[in-house]
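Okay, structure first, notes after.
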Amino acid sequence: MSGFWKPGTEKPRLVDDEEGGVLFFSASASSSSGYGYASMEKQRQRLPVYKYRTAILYLVETHATTIIVGETGSGKTTQIPQYIKEAGWTDGGRVIACTQPRRLAVQAVASRVVEEMGVKLGEEVGYTIRFEDLTKPDVTAVKFLTDGVLLREMMDDPLLTKYSVIMVDEAHERSISTDILLGLLKKIQRRRPDLRLIISSATIEAKSMADFFRTSKKRRELKSMEGGLLMEPAILSVEGRGFNVEINYAEEPVPDYVQATVSTVLLIHEQEPSGDILVFLTGQDDIDASVQLLNEETQTSRKNSSGLIILPLYSGLPRAEQELVFSPAPRGKRKVVVSTNIAETSITLEGIVYVVDSGFSKQRFYNPISDIENLVVAPISKASARQRTGRAGRVRPGKCYRMYTEEYYIKDMPDEGIPEIQRSNLVSCVIQLKALGIDNILGFDWPASPSPEAMIRALEVLYSLGVLDDDAKLTSPTGFQVAEIPLDPMISKMLIASSQCGCSEEIITIAAVLSIQSIWISGRGIQREFDEAKLRFAAAEGDHVTFLNVYKAFLQSGKSSQWCHKNHVNYHAMRKVLEVREQLKRIAQRIGLVLKSCEGDMRAVRKAVTSGFFANACRLEAYSNDGMYKTIRGSQEVYIHPSSVLFRVNPKWVIYSSLVSTDKQYMRNVISIDPSWLLEAAPQFYQQRPNPLH
DNA sequence: CCTCGTCTG
């Protein structure tokens, strides 16, 4: 091959990030404008995946499912859809789909492919993510989209008939949507022998992926279907372009991983040649603590550590601070990014040569008995550790420092993490399958089965919401309406009820706010100011009504970002609220809800909230001095979260929208109610319980 | 009397 890059010639551009992350080019990176078509073609041919072009096309032609194991930098995501198209799979108006778990990745990959093909985005090549559809019917032949969007598309077209090839990228991440999608695609395959699947996965997951798609144990059926199509999944491995990374383990188990991490960073800075450092910790607490320790070190010691630029990174960080991590360190300085898992998959940093891996991350766990989701610090898997390590070898050979022993890695660390679907509440997932006509939820063929307890709990909740009937079928119209709304079913139910309560305008706003992370900007140093700012909007009824006040004031300000800043309101979150609100309004109209404002009648609003969230009703314990509540459903001890406007107000009866558990169970987003509304909203749910409302 | 890993429709 003559396609090697020589120093002094044009710089090879990094292509897409194979871990589904998005590359952010620093200001110094060369722009693409200077490249002609020929040179673009050359670049494409230099990618490792190019060697496998014929093999991939052959496998896709002859196998129903092809599993591609692609290492970092192989070029699979951008190239394979193009190969498939060049081979004629889009002839006759058929479409190739390529899914990604994340929106940013969809956009990044689509624009790269558009550039390589020299076409306009939204024509031949397009993408669809929530709120953004850049595709043209009958024109778009290659379509990038999120897993979630493809799932939604199945509601209108369960067999996904317009697609000839579906590539599921980053399947090893095992997100809930990916897992549901894989289960459904396997089902579709039986009805559509013309459909081809390409599943891209990391090495470690490839075998279990193949096992899953090995449809039948009967050999005859397995070997071939009509037309000589092989049902046995093919596996193809494509090497990557990552550099070698030397791994260093702790010699002894580490008692305090934050401390160990900090010491390691300082040691690297003292002893190793230049190159940026990426540290993986678990959350804001860890990160702030270690950033502070590192800063102290920088200030007290006069010698080496002064050349360090220490930057935290987590999703809760304000946008401007997040962006700091992408600017290159000034000459002679070394950048240290202290990050959560966000840097493991979602964000790619250039210039990282050293990785420090604490060996932990925060993971969600769900207890179907208490119906509570918890976030806990837990050891990562080998797959995760490898991924973290790989982050060091993107620009040149790197080093990874693991804050655990080699023995621990080999003997105790699990190969793969627990798929998200086995750690989550399943209500949304169950309703989606029901809407697709899958009646036997317990018998569904999952890549990883959720626990029967979790399934049963989800069915119970949906039954009590009136979404499922006695035969566990979707009710009409409520069940079908709830399935149509892209929100948590409790929020959707609240929305539908608001149509009857005559307060849908208000509830749509509340639904939009509840479906995003938080509309407030909080920070450690500004706690008191923040509380004061919040008091300006505080409503006696509770947080939901407070949201309405914030939204109203935001509109009155002319949707001003300065106004947001002054009031500790997150401007980006409010833009998102506007966006979700518009979408919900459209859906509400489509499914025949009455759009109406209650003109300040907050009883109506509280009743509508109760209709969706009655299962989260709590009563203040009569003799409780510390604001202890008990849930009506399970007599769980819960407390109002200090961030709530009802903190220390403690009304007798409240409903919450979610629980956060730390040292205690805290209710977030709390509203006061009248207990008689509970019986009204869910007679079957509350009558079964022995005298709950005395 | 105190906080929240990351995503998605």
Side-chain angles (χ1 to χ4, degrees), chain A residues 20-21 99-106 128-133 145-155 170 173-181 280-288 313-317 339-347 358 360-365 373-378 380 384 387 417 420-421 423-424 428-429 431-432 435 482-489 491-492 511-512 515-518 520 522-524 527-528 530-531 576 579-580 583-584 587 625-628 639-644 647-650 658-664 666-668:
Chain A
T99 74
Q100 297 289 322
R102 280 169 293 278
R103 294 161 51 95
L104 267 173
V106 168
T128 311
I129 56 182
R130 189 184 186 185
F131 305 126
E132 247 184 287
D133 184 9
L145 68 178
T146 49
D147 303 347
V149 168
L150 191 60
L151 276 180
R152 284 276 149 190
E153 284 190 4
M154 292 180 81
M155 287 199 175
E170 315 299 343
E173 284 186 28
R174 308 301 301 271
S175 73
I176 293 184
S177 299
T178 308
D179 269 16
I180 301 176
L181 188 62
F280 284 103
L281 286 173
T282 67
Q284 188 176 345
D285 267 1
D286 282 359
I287 290 170
D288 289 348
L313 176 65
Y314 44 86
S315 87
L317 213 59
S339 174
T340 59
N341 252 0
I342 194 169
E344 195 181 299
T345 49
S346 306
I347 279 177
S358 65
F360 291 94
S361 70
K362 283 201 182 172
Q363 291 161 38
R364 176 170 48 206
F365 286 94
E373 282 181 332
N374 269 343
L375 208 53
V376 291
V377 173
I380 60 170
S384 213
Q387 178 82 359
E420 198 184 7
I421 201 156
R423 298 184 277 114
S424 309
S428 294
C429 158
I431 196 167
Q432 228 164 359
V482 167
E484 194 87 359
I485 304 172
L487 295 173
D488 180 289
I491 302 180
S492 306
S515 72
I516 62 165
Q517 317 272 27
S518 169
W520 305 108
S522 59
R524 260 142 221 274
Q527 195 53 48
R528 192 189 302 148
F530 170 59
D531 285 341
K576 191 103 195 253
E579 219 171 13
V580 177
Q583 188 193 25
L584 293 181
I587 292 171
N625 296 321
D626 59 347
M628 190 224 289
Y639 295 82
I640 293 182
H641 195 282
S643 69
S644 167
F647 180 62
R648 275 192 290 214
V649 178
N650 296 334
S658 64
L659 282 181
V660 177
S661 39
T662 49
D663 56 327
K664 292 174 186 163
Y666 287 104
M667 303 182 261
R668 282 187 71 220

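Proteins come first, then strands; the chains are lettered A, B, ... in the order of their sequence lines, and each starts at number 1. Note: hydrogens, waters and symmetry copies are ignored here, and every other heavy atom, side chains too, is used.
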State which residues pass side-chain contact (heavy atoms from CB on, under 4.5 Å) with Arg152(A); sequence neighbours excluded, sorted by chain then number.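 Partners of Arg152(A) by the side-chain contact (heavy atoms from CB on, under 4.5 Å) criterion, ordered by chain and then number, come out as Met155(A), Gln432(A), Pro486(A).
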side-chain contact (heavy atoms from CB on, under 4.5 Å) filter on Thr178(A), not counting sequence neighbours, yields Asp147(A), Val168(A), Ala171(A), Ser175(A), Leu182(A)
Answer yes or no: is there a side-chain heavy-atom contact under 4.5 Å between Ser644(A) and Met667(A)?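 Sidechains of Met667(A) and Ser644(A): no contact.
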Scan side-chain atoms only and decide if Thr345(A) and Gln387(A) contain a donor-acceptor pair under the 3.5 Å cut-off. no
Is there a donor-acceptor pair under 3.5 Å between the side chain of Ser358(A) and the backbone N or O of Phe280(A)? yes
If you check the [X] side chain, which of [options] turns out closest?
X: Lys362(A); options: dG9(B), dC4(B), dT6(B); value: dC4(B)
X: Pro642(A); options: dG5(B), dC7(B), dC2(B); value: dC2(B)
X: Lys664(A); options: dC4(B), dC2(B), dG5(B); value: dC2(B)

How is [X] classified with respect to the nucleic acid when contacts are heavy atoms under 4.0 Å: base, sugar-phosphate, or nothing?
X: Asp147(A); value: nothing
X: Ile129(A); value: sugar-phosphate
X: Arg103(A); value: sugar-phosphate
X: Tyr314(A); value: sugar-phosphate

Distance check needed: [N] [atom2] versus [X] [atom1], whole Å only.
X: Glu420(A); N: dC7(B); atom1: CD; atom2: C1'; answer: 7 Å
X: Leu584(A); N: dG9(B); atom1: CG; atom2: P; answer: 13 Å
X: Ile421(A); N: dT6(B); atom1: CD1; atom2: P; answer: 21 Å
X: Gln387(A); N: dT6(B); atom1: CD; atom2: C1'; answer: 13 Å
X: Gln284(A); N: dT3(B); atom1: CD; atom2: C1'; answer: 8 Å
X: Phe647(A); N: dT3(B); atom1: CZ; atom2: P; answer: 11 Å
X: His641(A); N: dC4(B); atom1: NE2; atom2: P; answer: 6 Å
X: Arg102(A); N: dG5(B); atom1: CZ; atom2: C1'; answer: 13 Å

Of Val660(A) and Pro489(A), whose nearest nucleotide on DNA chain B comes first from the 5' end? Val660(A)
Along DNA chain B (nearest heavy atom to each residue), the more 5'-positioned of Tyr666(A) and Leu375(A): Tyr666(A)
Measuring to OP1 and OP2 of [N], would you say a side-chain N or O of [X] lies under 4.0 angstrom away?
X: Thr146(A); N: dG9(B); answer: yes
X: Ser315(A); N: dT6(B); answer: yes
X: Thr340(A); N: dT6(B); answer: yes

